[in-house]
Amino acid sequence: MPLRFDVLVVGGGINGLSCVYHLLSRGVKNVGLVEQFELLHGQGSSHGHSRITRSTYNTAKYADLIQTAHREDWPSLSRAAGMTLLHPCPGCFFGPHLKPYLESLRAVPEALAQVDILGVEDGRKRVPFFGF
């Protein structure tokens, strides 16, 4: 007898598992998941104990989406899991190819307001362990 699902999700990575979670949380009862590797495998880009969520994008739409995720979705998932899932920490970007990053920040003024742009000397004072 063939299996029948209301929704069949292909791929058990972060996007597939997120899709299954949200389908089930919205009352879809018959959800199937197809994954080529065993559960909790180390083959994908979202395995391990830590990941990054980027807070800046070159369009306001995506910046707004990630801010909503940080403000609403991650706390909701943390409550459901009974543990803290998001541990914010600052980033440090430096080097000769910062132009695309700075253009992204300028496209979303709210993100730029949260950034300190430092010259070499100020960078050395702030984070002396980097060789600027």
Side-chain angles (χ1 to χ4, degrees):
M1 181 166 117
L3 296 175
R4 294 185 181 266
F5 300 101
D6 295 322
V7 178
L8 179 64
V9 177
V10 178
I14 191 68
N15 290 323
L17 292 176
S18 178
C19 182
V20 169
Y21 173 83
H22 286 285
L23 286 166
L24 293 172
S25 71
R26 285 167 174 72
V28 178
K29 299 281 187 225
N30 199 5
V31 179
L33 174 68
V34 177
E35 169 57 44
Q36 65 178 326
F37 301 111
E38 72 280 357
L39 290 179
L40 304 175
H41 64 80
Q43 303 295 320
S45 62
S46 58
H47 68 280
H49 294 291
S50 65
R51 289 291 159 263
I52 186 172
T53 62
R54 290 165 185 26
S55 297
T56 57
Y57 290 89
N58 60 357
T59 63
K61 176 182 178 179
Y62 289 114
D64 287 345
L65 284 172
I66 196 64
Q67 293 306 318
T68 299
H70 284 176
R71 185 178 58 252
E72 298 172 18
D73 298 327
W74 281 109
S76 175
L77 285 170
S78 289
R79 286 188 299 276
M83 63 187 338
T84 301
L85 298 174
L86 188 65
H87 302 273
C89 59
C92 180
F93 301 90
F94 62 94
H97 304 291
L98 286 177
K99 185 177 178 184
Y101 180 72
L102 292 173
E103 288 173 357
S104 292
L105 290 174
R106 288 188 184 97
V108 185
E110 299 82 15
L112 185 59
Q114 300 175 35
V115 173
D116 295 328
I117 299 174
L118 307 174
V120 172
E121 289 307 314
D122 288 332
R124 287 180 178 146
K125 289 176 189 171
R126 178 86 62 93
V127 282
F129 42 86
F130 284 130
F132 293 102

**OP:** Could you list the residues that satisfy salt bridge (Lys or Arg N to Asp or Glu O under 4.0 Å) with Glu38, not counting sequence neighbours?
**Re:** none
Original post:
Are Phe129 and Val120 linked, directly or through other ILVMFWY residues, by side chains that come within less than 4.5 angstrom of each other?
Top reply: yes
Subject >> Donor-acceptor pair, side chain of Ser18 and main chain of Asn15, under 3.5 angstrom >> reply: no
**OP:** For Pro75 and His70, work out which heavy atoms get closest and say how close.
**Re:** CD-O, 3.4 Å
**OP:** Could you tell me which non-hydrogen atom of Tyr21 sits nearest to which non-hydrogen atom of Ala80, and how far apart they are?
**Re:** OH-CB, 3.6 Å
**OP:** Could you state whether Leu86 and Met83 fall into the same hydrophobic cluster, counting links through intermediate Ile, Leu, Val, Met, Phe, Trp or Tyr residues with side-chain heavy atoms under 4.5 angstrom apart?
**Re:** yes
**OP:** Scan residues 120-132 for pairs that pass salt bridge (Lys or Arg N to Asp or Glu O under 4.0 Å), counting only residues two or more places apart or in two chains.
**Re:** Asp116-Arg126, Glu121-Arg124
Original post:
Which ILVMFWY residues are connected to Val20, directly or by a chain of links, through side-chain heavy atoms under 4.5 Å apart?
Top reply: Val7, Val9, Leu17, Leu23, Leu24, Val28, Val31, Leu33
**OP:** Check side chain to side chain contact (heavy atoms under 4.5 Å, CB included) between Ala69 and all other residues, then give those that pass, not counting sequence neighbours.
**Re:** Ile66, Asp73, Trp74
Original post:
Taking only residues two or more places apart in sequence or in another chain, which ones pass ring pair (Phe, Tyr, Trp, His ring centres under 6.0 Å) with Phe37?
Top reply: His41
Original post:
In the hydrophobic clustering (ILVMFWY, side-chain contacts below 4.5 Å, transitive), which residues join Val10, or is it alone?
Top reply: none
